[in-house]
Each structure stands twice: as C-alpha cells, then as structure tokens.
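To start, the structure under review is shown below, and the notes come after it.
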Amino acid sequence: MTRFLGKRILRRVESDQERERERALAFEGLYERYVSQVYAYVRYRVDSAAEAEDLTAAIFERVLAKIETFRSDEPRFAAWLWRIARNAAIDHYRKQRLRQYLSLEEMVSPASDEPLPEEWVLCEERVREIRAHLKTLAGREQEIIALKFGFGLTNRRIAEVLRMKESTVGSTLHRAMIKLRRKMEEERK
Amino acid sequence: MRTRPAIDIDREFSKNLDQILQGETAEACNSVSEEYRATLEFAEMLARNKPFPRPVFRDGLKRLLMTKLGEVHRPLRPTAGVESGWRVYWRPALAASLVVCFLVGVFLALPPARGWAQGVIRAVIGKLMVTGEQTWAERVWPEFESGEYEKNYERVPEDWPRRWTLDELQEKIDFPLLLPSYLPPGYRQDSLIPIPLLSLPADDEQAQRQFSYRGIQVIYSDGSPNGTICLNEEKLAGTKRFPVGQAGVREVVVRREPAVWIEGASLTLKKSGFPVGQTTRNLEAMNVLLWEEGDISFELSTTDLELPLEEMLKIAESMGESD
C-alpha cells in the first residue's frame, strides 16, 4: 500500500514538474511573441524609452500575477493583454510614477557595459521625434495610432478595444495620419 | 453617362495601411490624391521605425519574469512533499469518508442496530438532556417510537380507567409514591391513575394486571378549562423525546436535584396514543417542571400558564410519602 501511494505521489510530483515546465514554456512563448508589440504600443504612449521599459515590465508583471486566472485560447489572451497594456498606460498617465522596478533597472540599465545597438539608437531617435508630434494630437487619435502601429491591430479590433464603430476608427486613423505627417513636415521645413 | 463609383477613401487607406504593416507593398488606386500617397509613404516610414525593446532589456525582463514564475509555483516542487502528498490523498480520503458515513447511516437505520445505537446514546447523554436555547429534554420511553405503545393501548385492562386508591396503586408500583402536601388555592385532586408498563406482552392480561404499572399520574384541577396540574412519576425504561421547540428552558433546582423548567412547551404527543390524561390535558401549551430522583422521573406540568414557577416549585418541594 505504502509503495503504491509512494508511486502515486512520485507520479504526481513528476506531473507537477512537467506541468510547471509546460507552464514556463507557454509563458515564455507568449512573452517572446508579444513583448515587442507591447513595448512598441507603450513607447508611442510615453515620452522616453526608460518609461516604456518600466511600463512594459509592469504590464508583464501584471500578466504573470493573473496568468493563473486566465483560461482561454491565444486570441483571447491577446485581447486580454491589450486591455492590460491599455489600462497600464492609462494608469501611467494618471500617476506619472517614478521608476520603481529597481531590480529590473539594475539588470537592464543602459549604464551597464553592454553597448546599445546602433539600430536601436537610430530607431529610438526617430521614435522620439514621432512621439513629440504624436502627443500634440487628440488622445483618441494617439490611442488609435499606437494600437495600429504598436500592436498592429486591424480596425475592427481597435473598434472593439475602444468601443467605437469600425468606420469611425478608419476615418479617425486617416485624419490623424495626415495631421501627423503635416506636423512632421512643417517641423523639417 | 456612366459615373465611377465613389471610393471610400478612409477604408482604402486602412486597407493600404494593413498591407504595409504586414510587410506588403501598398497598392493605392490611381484616383487617389498626392496627399494620400504622401501619407502612405509616411505610414511606411512609421512602420519601418516601429519601436522595439533593447535586447538587454528584453532578455533581462524575461529572466526576471521566469524567476518570478518559478517562485509562484514553488509549492508544486518535490521539496514540498507534504503538500504534494496531501494533494494526492484528499480526494480518496473524502470519498472514503462519505462512503463510511453512508454505510454507518444505513446500518443504524436497521432496527437492531438502531436499538443498539439508541442504547449507546442513552448511556452517553443520560436520561435527561438540556442543551441551551435549542434544547429539548429527552426521556426514556422506547415503545412510544416503536409503535408498541398504541398496540398496547388497545389492550389496556377493561376495568380501566376507574377510581384507584393510593394504597391499591402503591401495591402495583415498586417504588414509594410521593404526593404534594401543598396545592395552589382552589386546586383539588381530580384523578389518580396508573401508567401501564407497556413493555410487558400486550396479550398477557394477567401479567399486566399483576404488575403492569410503572408509575402514576395524578391530576389536580380548579374546575376551569385550563386549570389543570398534572403530576407524573414513573420509573423509566427506554427513550422518548420531549420536544421543546421554541419554548424557554431554565435550569432550576427541585428537592436538591437539578431540574428544568420548560415554559410554553408545545408537546407533539399523539392524543390517541397517550392513554393517560388525553381527555383532561391540553397538550398544545403548557409549562413543565422535569426532574429525576434516582431512577424515578417526575414531571409536574400545568396548562394554567398564569401559574408561576414559584408555585410549581412550592408544590414540588412539598412532595413526600403520604401517610
């Protein structure tokens, strides 16, 4: 009897370990797939790369804390993630908190010896310029551009997230892009 | 003259934008303006310059999150053997407990086992049980529940009820009978009757006549419809529930014995199955004083709800062997 129960416990422990490995793999996969999208979206919504990193970290921390309660397929996960990201960005605006993920900062601080990739530096320069003009647009226009270019969402998805009509999203997006282009052109002149 | 269909420029722009974001070439139709084309080119520039996280940040955040993920699920690791063991056992343990409870329930529902269980309960809780507000007094009287009571009632001797003298009754009862020397003003003895010992064989009339009584019931009355005091004293054997329901229960002392005073008891005894006092007692609302002396149980009850406890205690304290 004892041996039988021992085997059962062992099997259970092994299956727990297996499940843990699967969970880690699944989370890793989701992270790899969405981290760039989340960062890009957030970067369009805040003024600096440092803030975007903080916010990205906060978003994934929140996802991690709630991942156990999430039971669904990946498309729903994406929708869930957008909602979390959007709420985090809104919170950020409200609170304008100082950087608080110190442990993370220590690990990934730009002051580390690791040189910044040139490609990233060039892109960041351009993004900073875009962001400077983007934030002069209306809040809803900024949001739509960030969702479109950050997350790469279709107009239908954006309409669902923002609870708008799809046609309204299309017209707002078009108008916002014209405005942004003109502002940037005027700046260059 | 045929007109060209109007282009939904916003939809066309969104379509082109989606093509750009998917890495394809945006194919704008010929009729679009220069500004439209310029905006598409601007969109291509935006898409090319999509922000991306620094690799060091990306990897660092991943390491941090994976570490935290491990911490969140640490209880599942083999070091937490006790918890893992319990997780294995709790379902079968719960199922086994339910099965055992069911089997015990079935076993105790069968008559022989039920009798045995009642005996055990009786031995544990005693004859009289009072447990606070949600309480009941329990008395020993098995035949009441088993149905023997009514069967025996049909066999009550033909000369019953009749007028008994105390001496006649004392001959049939194997313990000294006690009667009160004090009664409230206006009350007098109305009847004195024996309580049959129902555990004797119902068809053995001779046995019943010779020694077939376990106690007496004395009824006192002041002549009004509710003016009745009833004294039962009997040697108990078996179990009978004495339901109290919402009635108030107080613990008191009678003749140096612990007793209970049940105020507003609504007894659920069946009148047809209650041979003694069925015509004289209103069983729906009464106050009852219960106590025991040795193996003799005393029940002093009244349907006169105005009669205070002090008066009932005075009656009880005045009880003694009559000359």
Side-chain angles (χ1 to χ4, degrees), chain A residues 5 8-9 12-13 16-17 19-20 23-24 27-28 31-32 35-36 39-40 42-44 49 52-53 56-57 60-61 64-65 67-68 101 103-104 107-108 110 112 114 116-117 120 122-124 126-127 130 145 148-150 152 154-155 167 169-171 173-175 177-178 180-181 184-185, chain B residues 8-18 20-23 33 35-36 38-43 45-89 92:
Chain A
L5 289 171
R8 280 196 64 185
I9 292 172
R12 180 63 181 252
V13 168
D16 281 348
Q17 285 175 321
R19 206 182 308 155
E20 194 179 338
R23 192 163 24 213
F27 184 78
E28 194 178 1
Y31 174 82
E32 293 288 354
V35 66
S36 295
Y39 176 85
V42 167
R43 184 64 191 89
Y44 282 128
E53 288 178 354
T56 303
F60 276 98
E61 291 252 12
L64 186 66
I67 195 84
E68 286 294 306
Y101 290 86
S103 59
L104 176 71
M107 290 166 77
V108 300
S112 67
E114 183 130 4
L116 290 170
W120 184 84
L122 290 174
C123 181
E124 176 57 24
R126 183 56 64 88
V127 168
I130 294 167
I145 289 179
K148 192 74 182 176
F149 286 89
T154 61
N155 288 5
S167 57
V169 171
S171 58
L173 177 64
H174 190 192
R175 200 171 51 241
M177 288 294 288
I178 292 171
L180 187 61
R181 178 182 61 81
M184 290 186 72
E185 281 177 356
Chain B
D8 182 342
I9 200 74
D10 294 332
R11 184 179 291 182
E12 186 69 13
F13 181 77
S14 294
K15 195 180 94 183
N16 289 154
L17 203 51
D18 286 340
I20 290 168
L21 290 173
Q22 285 164 20
S33 63
E35 182 168 55
Y36 183 96
T39 309
L40 267 191
E41 281 173 21
F42 174 69
M45 184 278 289
L46 274 188
R48 275 197 309 275
N49 289 287
K50 183 178 175 180
F52 63 93
R54 288 177 300 127
V56 65
F57 164 77
R58 187 189 162 113
D59 296 342
L61 178 59
K62 184 175 161 182
R63 272 202 311 279
L64 180 76
L65 292 171
M66 296 314 282
T67 309
K68 286 197 172 183
L69 186 70
E71 284 169 4
V72 168
H73 301 295
R74 200 173 296 284
L76 291 180
R77 290 181 173 176
T79 48
V82 176
E83 285 190 34
S84 296
W86 168 243
R87 284 161 63 95
V88 173
Y89 289 130

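Per chain, numbering begins at 1; letters A, B, ... match sequence-line order. Atoms considered below: every heavy atom in the structure, side chains included; atoms not considered: hydrogens, waters and symmetry mates. Everything quoted here is computed from the prediction, not taken from an experiment.
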- Message: Any carboxylate oxygen within less than 4.0 angstrom of a Lys/Arg side-chain nitrogen, looking at B/Glu41 and A/Arg181?
- Response: no
- Measuring from A/Ile145:CD1 to A/Tyr44:OH, what's the distance to the nearest 0.5 Å? 9.0 Å
- Could you grab the distance from atom CG of A/Leu173 to atom CG of A/Asn155, nearest 0.5 Å is fine? 6.0 Å
- What part of A/Phe149 gets closer than 4.5 Å to chain B, counting heavy atoms only: side chain, backbone, both or neither? both
- Given the rule in the salt bridge (Lys or Arg N to Asp or Glu O under 4.0 Å) test, do B/Arg58 and A/Glu32 qualify, once you have shown the distances and angles that lead to the verdict? CA-CA 9 Å; B/Arg58 187 189 162 113; A/Glu32 293 288 354; 2.8 Å; yes
- Between B/Phe13 and chain A, which part of the residue has a heavy atom less than 4.5 Å away: side chain, backbone, both or neither? side chain
- Against chain A, label B/Leu21 side chain, backbone, both or neither, depending on which of its atoms sit under 4.5 Å from a heavy atom there. side chain
- Message: Under 4.5 Å from any heavy atom of chain B, what part of A/Ile178 do you find: side chain, backbone, both or neither?
- Response: both
- Message: As an exercise: rank B/Asp18, B/Leu65, B/Leu17 by heavy-atom pairs under 4.5 Å with chain A and give me the winner.
- Response: B/Leu65
- Top contributor to chain B interface from A/Leu122, A/Leu180, A/Thr154 [non-hydrogen pairs under 4.5 Å]: A/Leu180
- First locate atom CZ of B/Phe42, then atom CD of B/Glu35, and finally report the distance between them rounded to the nearest 0.5 Å. 12.0 Å
